[in-house]
Amino acid sequence: MKLYNILMAGLVTTSLLSSCKDDDFLKEEPKTIYTVETAFEKSSQVDAAIARAYISFNYMFGWHNLYVEGAAASNLLGGNGSDCIDSGFGDPAMAAGFLSNYMNLNSNTADFNTLWNELYQLAAQANLALYGSELVNWTNANDKNYAVAQARFFRGWAYLRLAECFGGVPIVEEYSDQLRFDYERNTRQETYAFAIADLEAAAAGLPAYPLQDGRAAQGIANHYLAEAYIAQGVETGDKSYYDKAITSAQKVIAAHPLMTNRFGVRANPADTSTNGYLGVPNYKPEGNVYYDLFQMGNYDYSEGNTESLMAVQGPTYDQWANDGGNVYMYGVTVGAVYRDLIWNTAEGQPDSAGPWHDNPNIDMNEWVGGNSGAYLGGTSWGLIGTTDYSDEVVWEGQFDDDMRNSQIVRCNPIVLEKTSKHYGEICKKEWLNIPSRLMRVSCKIAMQDGWGWDVHHAFAGVQTFAYQYGRDMYVARSAETYLLLAEAYMRNGDMNNAVAALNTVRQRAQASYMYSTITMRDILDERARELAFEEHRWPTLLRLDSSTGTNEDMKFQLSHYTMYTNDCGLDGITPQWTLFPIPLTVINLNSEVTLQQNPGWN
C-alpha cells in the first residue's frame with residue numbers, strides 16, 4: 001500500500017481532534033468526545049498523528065497550483081523569486097508581480113507568513129505526536145522509538161528551515177493547546193542547536209532504510225543533519241561543526257551510492273511493452289541514468305534507486321478520486337505558456353503567429369495535445385518557471401557537455417508550426433517578440449513523449465496534458481549530499497576533498513570539465529545544474545552567512561541572475577536583508593512581548 005493511503009487515514013483520525021467544536025453537536029452529549037488526552041489510547045493513534053505530519057511535510061515539496069490552493073510554502077522554499085525559479089510568464093510587462101521584484105516585498109508579504117505558519121504547524125504536529133507517545137502503553141519499545149524518531153525528524157527539519165529562513169525564532173518544545181502572546185525569540189545559534197539535537201536523535205532512532213516508501217530513515221536524517229552542522233558552523237565560526245557535517249554526509253553516501261548506470265522502468269532494451277493511453281514504448285534508448293532518476297516507478301529506494309533518500313509519494317488518480325481530490329499540479333503549474341509565445345516582426349509569417357501558437361498548424365498525430373501537449377510540458381498556466389541562469393548561464397562554455405544539459409533532460413523545444421520557416425528547428429530567443437518568455441522543458445516536470453500519461457491526465461476531458469497522477473517528488477538524493485560534503489570540506493579548508501566530492505557528481509553526469517578548485521559560487525552553480533526543481537533554493541542561499549554577516553554570495557546571485565533583473569533587463573534592487581522578515585501578523589499577535597524584526601525590513 002502506498003504511503004498516501006495511510007496518510008489520508010491519519011488525516012481523518014487526527015482531524016477528529018479539531019472537529020468537536022460545533023455547539024449543537026456538544027449539546028447532544030455524545031458518548032465519546034476526542035480530546036488530546038483521550039485521542040491517544042493506542043499506538044496506531046500516534047502513527048495517525050505522525051501521518052498528519054507527513055502530509056504537512058510533503059506539502060512543502062513539489063509545485064502547487066496557487067489559483068486553487070493558495071500560496072503554498074513549497075513554492076517559496078523551492079526558490080520562487082530567487083536566481084533559479086520565478087514566474088513562468090517571464091514577461092517584463094508582468095514583472096511587477098514577480099517575487100524577484102524585491103522592491104515590493106515587505107513583512108506583510110503573504111508568502112513569508114505562509115511559510116512561517118506551515119513550518120510551525122509541522123513542529124506542532126510533531127510535538128503532538130511526541131506528547132501522545134508518552135500517553136500510550138506500548139507493547140513494543142521499538143515501535144515507540146520509531147514513532148518518536150519520526151516526530152523528532154519532522155520537528156528538527158522544521159526548526160532547521162525556520163533558522164535558515166528567519167534566523168533565531170521562538171522554540172516551542174512541548175505540545176500546548178493554550179494561546180500564548182508572550183513568545184520570545186531564541187538566537188539563530190540556539191535554534192540550529194535545537195534542530196541538530198532533534199536530527200541527531202532521529203538519525204539514531206530511524207531504520208537504516210525506509211520501512212515504507214515515503215517514510216523517513218537514517219539517510220534523510222543524516223543528510224539534513226549535515227546541512228544543519230554546516231549552518232551552525234557558519235553561524236558560530238566553530239569549524240568542528242564542519243567535521244561533524246563531513247561525518248554525517250559520509251554516512252549517507254556510504255548507504256546511498258549514486259546511480260551510475262541506466263536502471264528502472266525505461267532502461268530495459270528487452271522490454272517491448274508500452275505504457276499510457278498513447279501506447280508509448282517503455283524502453284527509451286536515448287535515455288541516460290540522470291533521465292532514469294525522474295521516471296515514474298524509479299523514485300524510491302525499494303525500486304532499486306540507491307540514490308533516493310526520501311520521496312514524496314504522488315497519489316494516483318484513483319487515490320485522488322477516492323479522497324475527493326482531482327488535481328495533481330505540476331502540469332498546470334510549472335513551465336512557460338508556450339502557446340502564447342509570438343514571433344517578433346522579423347520572423348513573423350502570415351500563417352504562423354508563433355512557434356506553438358496555432359494547433360491547426362501543428363501535426364496533432366505526432367504531437368498529441370499540440371501546444372498543450374506533453375512535449376511542451378503540459379497545459380501550463382505559467383505559475384512557476386526557470387530563469388536564464390538555470391536554463392543557460394550555468395551551461396555556458398566548458399560546462400555545456402553534460403548529460404544534465406541534454407535535450408532529453410532539459411529540452412530546448414523545437415518549432416512545431418508546420419508553416420514556419422523554422423519548423424523542426426530548436427527555437428531561439430531572438431526569434432520571439434518577448435525573448436525572456438522562452439524556457440526549457442525539464443524531464444523532472446513532464447515526460448515529453450507522453451509515456452505514463454493516461455486518460456485521467458487530460459484537462460476538462462480534452463487531450464491536453466495537465467495532471468501527472470502518480471508522479472513522485474524527491475525530498476533529497478545523495479547527489480545533494482555530495483554537494484553538502486563539498487561545501488563542508490571547502491569551509492574546513494580541505495580543497496582537495498572538496499573538489500573530489502563535487503566532481504563525483506559531475507563525473508556521474510559525464511561532464512567534460514572537472515574543477516581543480518571551487519568557491520561557494522561554484523557550488524551554487526553546481527546545485528543549479530544538479531538540483532533544478534528539487535532544491536529548496538532559498539534556505540540554501542539564506543544560510544550562506546551568519547546572522548551578523550552580509551551574505552555577499554546570496555546578494556551576488558540575486559543582483560545578477562533573477563528573472564526581474566537578468567531575464568527581463570529591469571532595474572531592480574539588491575536586497576539589504578539577509579533573512580526573511582518575521583511576519584508582521586506574528587509580531588502583532590505576540591502582544592505581550594516584542595518580537596524584534598530582522599534587519600532590512602519594515
Side-chain angles (χ1 to χ4, degrees), residues 3-4 7 11 52-88 98-100 109-123 125-126 153-154 157-162 164-166 214 216 220 223-224 227 294 299 309-315 320 325 327-335 378 380-387 390 442 444-446 467-469 471-477 480 527-528 531-543 580 583:
L3 180 62
Y4 178 83
L7 298 188
L11 175 59
R52 190 62 187 87
Y54 271 103
I55 292 173
S56 295
F57 178 76
N58 291 352
Y59 199 65
M60 288 187 238
F61 293 84
W63 305 95
H64 296 275
N65 185 331
L66 306 185
Y67 296 149
V68 175
E69 299 179 339
S74 65
N75 292 355
L76 183 61
L77 285 172
N80 190 15
S82 72
D83 52 347
C84 289
I85 299 288
D86 210 313
S87 165
F98 293 177
L99 274 184
S100 58
T109 299
D111 296 78
F112 301 134
N113 192 64
T114 299
L115 177 58
W116 176 281
N117 288 339
E118 290 190 15
L119 289 171
Y120 267 106
Q121 181 183 54
L122 176 59
Q125 289 161 350
F153 168 74
F154 288 128
W157 184 89
Y159 277 99
L160 171 62
R161 285 289 184 258
L162 283 165
E164 288 171 329
C165 293
F166 298 100
I220 195 67
H223 172 87
Y224 284 117
E227 182 177 320
F294 303 98
Y299 279 82
L309 305 183
M310 185 178 182
V312 173
Q313 303 298 291
W320 266 108
V327 177
Y328 195 48
M329 299 300 179
Y330 302 164
V332 297
T333 300
V334 182
S380 175
W381 297 346
L383 303 182
I384 298 292
T386 44
T387 63
S390 178
S442 172
K444 299 180 182 182
I445 300 301
Y467 311 138
Q468 294 184 71
Y469 301 102
R471 190 82 187 268
D472 294 342
M473 171 65 73
Y474 289 111
V475 174
R477 297 182 286 115
E480 182 178 5
R527 293 181 73 95
L531 303 173
F533 289 116
E534 298 177 76
E535 174 187 16
H536 277 183
R537 187 68 170 187
W538 274 117
T540 296
L541 293 172
L542 291 163
R543 68 166 174 79
F580 287 160

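Being a predicted model, the structure only gives us computed values, none of them experimental.
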Does some side-chain heavy atom of [Y] sit less than 4.5 Å from a side-chain heavy atom of [X]?
| X | Y | value |
| --- | --- | --- |
| W538 | L115 | no |
| I220 | V475 | yes |
| K444 | M473 | no |
| Y59 | I55 | no |
| Y299 | Q313 | no |

Look up atom [atom1] in [X] and atom [atom2] in [Y], then write down how far apart they are to the nearest 0.5 Å.
| X | Y | atom1 | atom2 | answer |
| --- | --- | --- | --- | --- |
| Y224 | M310 | OH | CE | 8.5 Å |
| I85 | L99 | CD1 | CG | 12.0 Å |
| F112 | N117 | CZ | CG | 13.5 Å |
| I384 | W63 | CD1 | CH2 | 5.5 Å |
| L162 | Y120 | CG | OH | 5.5 Å |
| C84 | L541 | SG | CG | 7.5 Å |

Taking the side chain from [X] and the backbone from [Y], do they hold a donor-acceptor pair closer than 3.5 Å?
| X | Y | answer |
| --- | --- | --- |
| D86 | F98 | no |
| D472 | G314 | yes |
| T109 | D111 | no |
| R537 | L531 | no |
| E535 | F533 | no |
| T387 | D83 | yes |

What are the two closest heavy atoms between [X] and [Y], and how far apart are they?
| X | Y | value |
| --- | --- | --- |
| G335 | S380 | O-OG, 2.7 Å |
| L77 | C165 | CD2-SG, 4.4 Å |
| Q121 | S56 | OE1-OG, 3.8 Å |
| E164 | P539 | OE1-CB, 3.4 Å |
| M60 | L119 | SD-CD2, 3.7 Å |
| Q125 | A53 | OE1-CA, 3.5 Å |

List for me each residue that meets salt bridge (charged side-chain N to carboxylate O under 4.0 Å, His left out) alongside E227, sequence neighbours excluded, and say none if there are none.
R161
F61 vs W157 aromatic rings, parallel, tilted or perpendicular, using cut-offs 30° and 60°?
tilted
Can the ring centres of Y474 and F294 be said to be less than 6.0 Å apart?
yes
